[in-house]
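Each chain gets a letter, A, B and so on, in the order its sequence line appears, and its residues count up from 1. Not measured: the values here are computed from a predicted model. Any value given below was found using the heavy atoms of this structure, including those in side chains, with hydrogens, waters and symmetry copies removed.
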Amino acid sequence: MGERFGKGCHLHLIDGSAFIFRAYHALPPLTRKSDGLPVGAVAGFCNMLWRYVQTDDGHTAPTHAAVIFDHSSKTFRNEIYPAYKAQRPEPPEDLRPQFPLTRDATRAFNIACIETEGYEADDIIAAMACAARNAGGTATIISSDKDLMQLIGDGVDMLDPIKNKLIGPDEVFEKFGVGPDRVVDVQALAGDAVDNVPGAPGIGIKTAALLIQEYGDLETLLSRAEEIKQPKRRQTLIEHADQIRVSKRLVQLDCATPLDVTLESLEVKAPDADRLLAFLSEMEFRTLTNRVAESLGAEAPAVQAAPASEAPAAPDQPAIDMGLYETVTTPEALDAWIAAIGEAGQVAIDTETTSLDEMQADLVGISLAVAPGRACYIPLGHVAGGDDLFGQSARVAGQLDPAAVLAALKPVLEDAAILKIGQNLKYDWKMLARHGIQMAPVADTMLMSYALNAGTHNHGMDELAERYLGHKCIPIKELIGSGKAQLHFGQVAIDKAAPYAAEDADVTLRLYQHFLPMLPVEKVSTVYHTLERPMIPVLAQMEMAGIRIDTDVLKRMSNAFAQKMAGLEDEIHGLAGQSFNIGSPKQLGEILFDKMGLSGGKQGKTGAFSTSADVLEDLAAEGHDLPARVLDWRQISKLKSTYTDALPTYVNAETGRVHTSYSITGAQTGRLSSTEPNLQNIPIRTEEGRRIRQAFIAPEGFKLVALDYSQIELRILAHVADIPALKQAFREGIDIHAMTASQMFGVPVEGMDPMIRRRAKAINFGVIYGISGFGLSRNLRIPRAEAQSFIDTYFERFPEIRAYMDKTVADAKQDGYVTTLFGRRINTPGINTSGPAAGGARRAAINAPIQGAAADIIRRAMIRMPDAIADLPARMLLQVHDELVFEVREDAVDDLIARARTIMEAAPEPSVRLSVPLVVDAGQGMNWAEAH
DNA sequence: ACGCTCACG
DNA sequence: GACGTACGTGAGCGTA
């Protein structure tokens, strides 16, 4: 054993029983996958211990440590007072088998595990703390149990492991109104309902503290009880003196509790990696096992619940060597590469262009890779550095003719037997489609990464190469520079461009080989092949189609907005008594809160005042004009700058239409996102904004048709959480929010107060997002308690929802991810962290399977749509999460609606048979506003 | 580059 | 018993 415990030694005493109960109640009931053994509390316990072992946050690091447990419920206190802790319920059925496992866990962490028959953990902790102090050392008690606070004093303090807050004499005083040395006196008087410590009836902590402060200590108080002025208190103390004395003996911890270990034996030892990992993997704690293994630099043992089959290793790949790449400049060399592609049966391809906007970019070169390290670059459109007098640059000599190269590649790129592999292949697909080549079949490493790793990290090539190949790609900036002087790729010298371009194809092929075997192992093959890959040609064609915009309408609106803003500006400056920039939240905040002295709190990090619509609306409701005008100004300013001014600048000169770009991997849940411009957030909620949709038009002889899923997320919730009441309502086609209101508040659906329905609607939406009383109260602007009682009623009425939420979070905690009905996997890396972010991670985990399933469903519809409407004069143009927008020749509108609706409503099948119907609403018109 | 605000589902 | 609080996006602007 180590040296003698004494000066300079610091003992940590961990309240094990408290850890267990906290873990049990904080976590949903997890079971071990292989045999159903309940292990939730053990999991939480291990997580806490691990966090504890990991934390080095400035408290005195322990030289010695022990975890102390209660041994049994009967102790010497029951002899003094039989009722002590008698009413305490038996530990839950599924917690009992976990007690011994927590001891095993403690030992696995190589921390001493202490318990003594007939004594509570608190007594042992007391004795050890005293012993440490007596030996000249110090001790910290890791617990938030108030019963231990009496021990605080010279050399002994406490650490609340939840709040990570040190508890010293000051904190004790705050809680008990007396110092640690008088805590037992206060407790003896106040009693404790939970532990059945009787105390003095009618006296709580506040009164007890007053009395002790006045009389010094309990004995003095009791002996001088006659002096108490308040008759009731006086009588109580005199009558119950004995009971109070017994109470004191119950709460008093005894430093003389016998110890059967020496302090020296508690010396801190590093965990034995093998032993700890063996225990964790036996418990089948996959996430924690991996985390611990990573931290200890050890190999994680295979966790049983994980797939038995290990991923077959990707083929060994030679190191990346850019000197080996070839620059193709002759027809013979090109033919040789085409032959090599045919032999390999697959090719990684990357196109280099003059712009990131593939709708107006020109092709500069193509790189190909057929095996790791075997890659080439075919320069096609490189130009000399400077422009001539006419803004034209001379094409560099020695490049193959682009048309000839494309013609030679076309058979290969369209060959059904040759796989085309890309990183963000949608971009290259569009580039080549503009030259008459429609690549198929396709693979995309970005989408593979998304299927595997959504939620964990992003899926750009540089990041993937670094993460999975340990390779740092040449930054594009080294070639084209940055800022104003940035070149386009065609202006880069061929000998510089070739290694960069060929490297991209090489890296893409290597990533493909890396990811491919992981898909089946991680069970995301189906998702990748049915929900990701097929989106490439579908989206590419939607983006290329674009949508027609009436720029005149937008310009007129911009002018009208400008006038209105100018008027508001004058009015606002007048109200403020000075001129300022209304668009600056900082200046606005100063005007409102400093100059005008309105009430409104500061905001977090930057210390700036919040001037969000929420805040301004409250101020406006109090009758202040300035904030009301600012709200008007803001709305118009937003519409003008983001929409009516900006949209016309996106009109493509060649097509006369606006071409958005969809990101397949932009959202973690499987939703698409839309950029440059974002056509998924065109205004609709206000009348003024909705008019912007009038500028989205169909060409002469055509109409716009919009079809959208009605309540798709609530329907998915009804199905996955299996909520009979909700499912029945959807089957009967009842107004779902009115039904909810009726069930919650016991009012008939007929003639319902719209306010009540509105509340139910807010709750229905809130549930999907992981509702809280606070959030609902803010949303509905009602008191928090009221909001909370709505939620309570809701969960009472639909208990299945709570069960579903708990299960979802439990799955996330255990697996590190959640899945949708269709197998999409969304990783939840933050789910096991603590602190404020934990709540957000929890809500995201609850929302992801619902939002994700809705995303899967519309993807399935979109993938089937082109074939289903191939013979109609119609094109799919836009997707807005639960809506598809088409452009259709007037005479085919009805056909299109019928076909598209059928596809959309049956989209889950045959993979999933929903227990509720999906309903699609349709609209049509000359413009998008009418189509709604 | 980052935070604030606000448009959408 | 307290903690911070709806989920998911993208764009434009002001400020550092």
ask   = A:A838 near the nucleic acid: base, sugar-phosphate alone, or nothing, with a heavy-atom cut-off under 4.0 Å?
value = nothing

remark   = Quick note, A:R22 side chain, CB onward, closest among C:dT5, B:dA7, C:dG1 is C:dG1

ask   = Is the shortest distance from a Lys or Arg side-chain nitrogen in A:D921 or A:R901 to a carboxylate oxygen in the other one below 4.0 Å?
value = no

message = Expressed as a whole number of angstroms, how long is the span from A:R842:CZ to C:dC3:P?
response = 18 Å

remark   = Among the nucleotides B:dC8, C:dG14, C:dA6, whichever has the atom closest to the side chain of A:I684 is B:dC8

ask   = So what does A:A845 hit on the nucleic acid, given a heavy-atom distance under 4.0 Å: a base, only sugar-phosphate, or nothing?
value = nothing

inquiry  = Please report the distance separating the P of C:dT5 from the corresponding atom of B:dG3, rounded so that it comes out in whole Å.
reply    = 15 Å

query = Under 4.0 Å between a side-chain N/O of A:R778 and OP1 or OP2 of C:dA6, yes or no?
reply = yes

request  = Output the single nucleotide from C:dT15, B:dT5, C:dT9 whose closest atom is nearest the side chain of A:P585.
outcome  = B:dT5

message = Just to be sure I understand the rule, does A:Q587 reach a base, reach only the sugar-phosphate, or reach nothing, if contact means heavy atoms closer than 4.0 Å?
response = sugar-phosphate

ask   = Can you tell me how far P of C:dG8 sits from CZ of A:R824, to the nearest Å?
value = 15 Å

request  = Would you tell me if any nitrogen or oxygen in the side chain of A:R634 comes within less than 4.0 Å of OP1 or OP2 on B:dC6?
outcome  = yes

request  = Whole angstrom is fine here: how far is it from CE in A:M805 over to P in C:dC7?
outcome  = 12 Å

task = Grab the CG-P distance between A:L639 and B:dA7 for me, whole Å please.
result = 7 Å

query = Would one find a side-chain N or O of A:Q680 under 4.0 angstrom from OP1 or OP2 of C:dG8?
reply = no

task = Check whether any side-chain N or O of A:S673 sits under 4.0 Å from OP1 or OP2 of C:dG8, and answer yes or no.
result = no

ask   = Is the distance from OP1 or OP2 of C:dT5 to the nearest side-chain N or O of A:R784 less than 4.0 Å?
value = no

inquiry  = Using whole Å, what does the distance between atom P of nucleotide C:dG4 and atom CD of A:Q788 come to?
reply    = 17 Å

task = Check every strand shown and say whether A:I768 touches a base, only sugar-phosphate, or nothing at a heavy-atom separation below 4.0 Å.
result = nothing

Check: protein-nucleotides 11-13 of chain C nitrogen or oxygen pairs below 3.5 Å:
{"residue": "C:dA11", "atom": "OP1", "partner": "A:E676", "partner atom": "N", "Å": "2.9"}

request  = For the residue pair A:F609 and A:F593, categorise the inter-ring angle as parallel (less than 30°), tilted (30 to 60°) or perpendicular (more than 60°).
outcome  = tilted

remark   = Note: for A:N779 and A:K175 on DNA chain C, the residue whose nearest nucleotide lies more 5' is A:K175

query = So what stems show up for DNA chain C if we need 3 or more Watson-Crick or G-U pairs in a row, all under 3.5 Å?
reply = B:1-9 with C:7-15

query = Excluding sequence neighbours, so at least two apart, what forms salt bridge (Lys or Arg N to Asp or Glu O under 4.0 Å) with A:D856?
reply = A:R824

query = Atom CD1 of A:I636 and atom P of B:dT5: how far apart are they, to the nearest Å?
reply = 19 Å

message = So, does A:R843 get its side chain near the phosphate of C:dT5, meaning an N or O under 4.0 Å from OP1 or OP2?
response = no

query = Under 6.0 Å between the ring centres of A:F798 and A:Y794?
reply = yes

query = Starting at CG of A:L616 and ending at C1' of B:dC6, how long is that distance when rounded to a whole Å?
reply = 12 Å

task = For A:G840 and for A:Y643, find the nucleotide of DNA chain C with the closest heavy atom, then tell me which residue's nucleotide is more 5'.
result = A:G840

ask   = On a whole-Å scale, what distance lies between the P atoms belonging to B:dC6 and C:dG4?
value = 24 Å

ask   = Expressed in whole Å, how much space separates the P atoms belonging to C:dC3 and B:dA7?
value = 33 Å

A:E617 CD - B:dT5 P separation (whole Å) = 13 Å

query = Which part of the nucleic acid, if any, lies within reach of A:Q635 when heavy atoms closer than 4.0 Å are counted: base, sugar-phosphate only, or nothing?
reply = sugar-phosphate

inquiry  = Does atom NZ (A:K595) have a neighbourhood of more than 12 heavy atoms from anything else shown, all under 6.0 Å?
reply    = yes

inquiry  = Does A:T611 reach a base, just sugar-phosphate, or nothing at all? Heavy atoms under 4.0 Å.
reply    = sugar-phosphate

